[in-house]
Engineer: 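Once you've had a glance at the structure underneath, I'll fire off some questions.
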Amino acid sequence: MSAPAITPVFVRLKLSLLRNGLRQSGGRKAAYITSAVLALLFAALQLIGLIALRGHAHAESVVVLAVAVLGLGWTVMPLFFPSGDETLDPTRLVMLPLRPRPLVGALLTASLVGIGPLFTLCLLVGSVVAVARGGAAFAVGAVAVVLALLVCVALARSVAVANVRLLTSRKGRDLAVLSGLVIAIGAQIVNFGAQRLGASGLGELDPAAEVLRWVPPASAIGAVHAVSEGSYGLAVAQLALTAGALVTLLAFWSRHLTRLMTSPDGSTLPGAESAAKERSSTGLARLLPAGRTGTVMERGLRYVWRDPKTKAAWVTSLAIGLIVPVFNAWQGTGSVYFACFAAGMLGIQMYNQFGQDTSAFWMVAMTISSTHDAYVELRARAYALLLITLPYATLVTVLTTAMLGDWRRLPEALGLSFALLGAMLATGAWTSARFPYSIPQEGYKNVAPGQTGLAWISIFGGMMAAALLCAPVIALTIWLNVSADGDDWTWLLLPAGTVYGAVLTAAGLKLAAPRTARRLPEILAAVSKG
């Protein structure tokens, strides 16, 4: 007696998961319906736009790049949104008597149910219509759409099953938190690309399309264009490449699924030797000062490396602090002063220092019994930030200056950056004691409910105060640049800005320490709300 087919069961399971998820709350249902409507509306407009592109000289380059980006999206989607689809976690099925090969077919079919596959289908159909000419091209296009869609889904499934232990662990949640960084960087790249295309036209896409038309799933769309041009041998090669990629992905998926369902999970059980090595490792501690200062610095640096929210904030600041000045310099519209953006983005990390500790701040509070203790605590936190910020701000400034070729302004740009950094460290220390707020550890919110006003006052009020504190250095920079003999003295802005920033930092820490020592109970109550 043959075993019953499991594919219909998995399709019904996927539909049941969607339906039951919408029943959990009215807010979730509203959010899902709204996102579905917006996604389908965008897909429809995109389909119309691709159809309107039909006959354009560079239509093939546009659609090839669009499908390549689509394939990249399907590849990284499981890494940054591991909880977006419950069926992406095959570990839920390991106790069932299922063979991996039929399971692959069932999961592949069930994966075609959802908004994402429908959106992908619309884009692929529009791409085929944009480049197909003649009945043979449309016939090949039908095959190409199916192959490209299956490759996209198989990519997501293969990445998910190969990293399922990671995605269900704390490090997987770290990746999910960092998804905002990918969106921010992607937005900057898209903006830069749109400006280049607006100035040079769609012909700028042709060199990239020449390469990507041989990369699945974009190679399937390249085959449609090849048939339209009469290059049947080329079309067969591109279709065979896409089909080969699908077979390879399915084999890879099946092999990892077999290993996953037959081997024990040791991802969260480190060996005794590695654990002992980690406990005895003091490499970082040896490089830091002794006493409380080194301990606090090490704790802060470990937060940057291990805590998901802190890591996300730091990586986002590092990336955007580099992207803004470098991209503007690349386009020839920037200025060396844009490099101050790096110091400003990293200086924000000094704000709400105690909120980063959340409820664990009570252990820090137990060690602060005097103004001196509070001063050493704040000073060590500032030192930890400076370990990263000073070399990074210097690197971004030098890189921006090199791209613009304006080496004469390097000293003043560095001086302004260091002065701004010192001002933000000073105001950040003071607002951390005066306006602390809690950072929820779960989810994507960075402020606990009811504390949004505190966050705005802390960050934006502190940034305005830092800008005012930098006014003397800014005024000196302007005066030297407009003065007849000022160019010979602009180099003084580097030592002046450095000393001024150091004085501001020391003064801010001195002013914040007494307030921190006095308000420990209020700070602890504020940062523990999340």
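Values below: every heavy atom of this structure, side chains too, minus hydrogens, waters and symmetry copies.
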Engineer: Between Leu47 and Ile51, is a side chain to side chain contact (heavy atoms under 4.5 Å, CB included) present by the stated rule, with each step listed?
Structural biologist: CA-CA 6 Å; Leu47 177 61; Ile51 293 175; 4.1 Å; yes
Engineer: Quick one, Val336 and Thr397 - any side-chain contact, counting heavy atoms below 4.5 Å?
Structural biologist: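 No - every pair of side-chain heavy atoms lies 4.5 Å or more apart.
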Engineer: Under a 4.5 Å cut-off applied to non-hydrogen side-chain atoms, are Trp314 and Leu385 in contact?
Structural biologist: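 The answer is yes; the side chains approach within 4.5 Å.
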Engineer: Please assess Leu322 against Tyr392 for the test side chain to side chain contact (heavy atoms under 4.5 Å, CB included), listing each intermediate value before the final yes or no.
Structural biologist: CA-CA 9 Å; Leu322 176 67; Tyr392 183 79; 3.2 Å; yes
Engineer: Tell me whether Gln356 contacts the main-chain N or O of Gln349 through its side chain, where contact means a donor paired with an acceptor under 3.5 Å.
Structural biologist: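 Between the backbone of Gln349 and the side chain of Gln356 there is a qualifying donor-acceptor contact (under 3.5 Å).
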Engineer: Is any side-chain heavy atom of Tyr232 closer than 4.5 Å to a side-chain heavy atom of Val227?
Structural biologist: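 Yes, side chains in contact.
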Engineer: Please find the pair of heavy atoms, one from Ala144 and one from Ala220, that lie closest to each other, and give the distance.
Structural biologist: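 Looking at all heavy atoms of both residues, the closest pair is CB-O, 3.5 Å.
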Engineer: Given side chains that start at C-beta, do those of Val63 and Val224 come closer than 4.5 Å, heavy atoms only?
Structural biologist: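 No, every pair of side-chain atoms sits at 4.5 Å or beyond.
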Engineer: When rounded to the nearest 0.5 angstrom, what distance separates CG in Leu65 from CD in Glu60?
Structural biologist: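 Atom-to-atom, Leu65:CG and Glu60:CD are 9.5 Å apart.
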Engineer: When rounded to the nearest 0.5 angstrom, what is the spacing between OG1 in Thr7 and CZ in Arg12?
Structural biologist: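 Atom-to-atom, Thr7:OG1 and Arg12:CZ are 10.5 Å apart.
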Engineer: Tell me if a side-chain donor or acceptor on Arg213 pairs with a main-chain N or O of Ile221 at a distance below 3.5 Å.
Structural biologist: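 No.
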Engineer: Got a second to check how far Phe338's CZ is from Leu404's CG, nearest 0.5 Å?
Structural biologist: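 It is 9.5 Å, given to the nearest 0.5 Å.
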Engineer: Working to the nearest 0.5 angstrom, can you tell me the gap between Leu112 CG and Leu121 CG?
Structural biologist: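 Reported to 0.5 Å precision, the distance equals 9.5 Å.
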Engineer: Flag the pair Asp357 / Val527 as yes when at least one side-chain heavy-atom distance between them is below 4.5 Å, and no otherwise.
Structural biologist: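 A side-chain contact is absent here, since even the closest heavy-atom pair is not under 4.5 Å.
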Engineer: Between Thr109 and Phe10, does a side chain to side chain contact (heavy atoms under 4.5 Å, CB included) hold up when you go through it step by step?
Structural biologist: CA-CA 8 Å; Thr109 305; Phe10 272 79; over 6 Å; no
Engineer: Quick check for you: to the nearest 0.5 Å, what is the distance between Ile323 atom CD1 and Phe327 atom CZ?
Structural biologist: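 The CD1 atom of Ile323 sits 5.5 Å away from the CZ atom of Phe327.
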Engineer: So, for Leu390 and Thr394, which heavy atoms are closest and what is the spacing to 0.1 Å?
Structural biologist: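 Closest heavy-atom pair between Leu390 and Thr394: O-OG1, 2.8 Å.
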Engineer: For Ala329 and Met403, work out which heavy atoms get closest and say how close.
Structural biologist: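 Ala329 and Met403 have their closest heavy atoms at CB-CB, 4.0 Å.
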Engineer: Determine the minimum heavy-atom distance between Leu416 and Cys340, stating which atoms define it.
Structural biologist: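 It is CB-SG, 3.7 Å.
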Engineer: List the atom of Pro325, the atom of Thr400, and the distance in Å for their closest heavy-atom pair.
Structural biologist: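 Nearest heavy atoms, Pro325 then Thr400: CB-OG1, 3.6 Å.
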Engineer: Output yes when a side-chain donor or acceptor of Ser432 lies under 3.5 Å from a complementary backbone atom of Met350, and no otherwise.
Structural biologist: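 Side chain of Ser432 to backbone of Met350, a donor-acceptor pair under 3.5 Å: yes, one is there.
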Engineer: Ignoring hydrogens and geometry, is there a side-chain-to-backbone donor-acceptor pair from Ser158 to Leu249 under 3.5 Å?
Structural biologist: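 Pair found, side chain donor or acceptor close to backbone of Leu249.
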Engineer: So, does Thr120 use its side chain to make a donor-acceptor pair with the main chain of Gly116 at under 3.5 Å?
Structural biologist: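 Yes, Thr120 side chain to Gly116 backbone: donor-acceptor pair under 3.5 Å.
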Engineer: Are any side-chain N or O atoms of Asn352 and backbone N or O atoms of Tyr437, one a donor and one an acceptor, separated by less than 3.5 Å?
Structural biologist: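 Yes, the answer is positive, given that a donor and an acceptor are paired below the 3.5 Å cut-off.
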Engineer: Around atom CH2 of Trp214, are there more than 12 heavy atoms from other residues, nucleotides or ligands closer than 6.0 Å?
Structural biologist: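 More than 12 within 6.0 Å, yes.
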Engineer: For Val128 and Leu124: C-alpha separation, side-chain torsions, deciding distance, then whether side chain to side chain contact (heavy atoms under 4.5 Å, CB included) applies.
Structural biologist: CA-CA 6 Å; Val128 168; Leu124 292 173; 5.7 Å; no
Engineer: I'd like to know if the side chain of Ser228 reaches the main chain of Val131, judged simply by a donor and an acceptor atom lying under 3.5 Å from each other, with no hydrogens or angles considered.
Structural biologist: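 Confirmed, Ser228 side chain pairs with Val131 backbone.
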Engineer: When the ring planes of His58 and His56 are compared, do they come out parallel, tilted or perpendicular, using 30° and 60° as the limits?
Structural biologist: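 Tilted: the ring planes of His58 and His56 meet at 30° to 60°.
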Engineer: Return the OH to OG1 distance between Tyr351 and Thr431, rounded to the nearest 0.5 Å.
Structural biologist: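 So the gap between those two atoms works out to 5.5 Å.
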Engineer: State, to 0.1 Å, how close Leu149 and Pro117 come at their nearest heavy-atom pair, and which atoms those are.
Structural biologist: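 Result for this residue pair: CD1-O, 3.9 Å.
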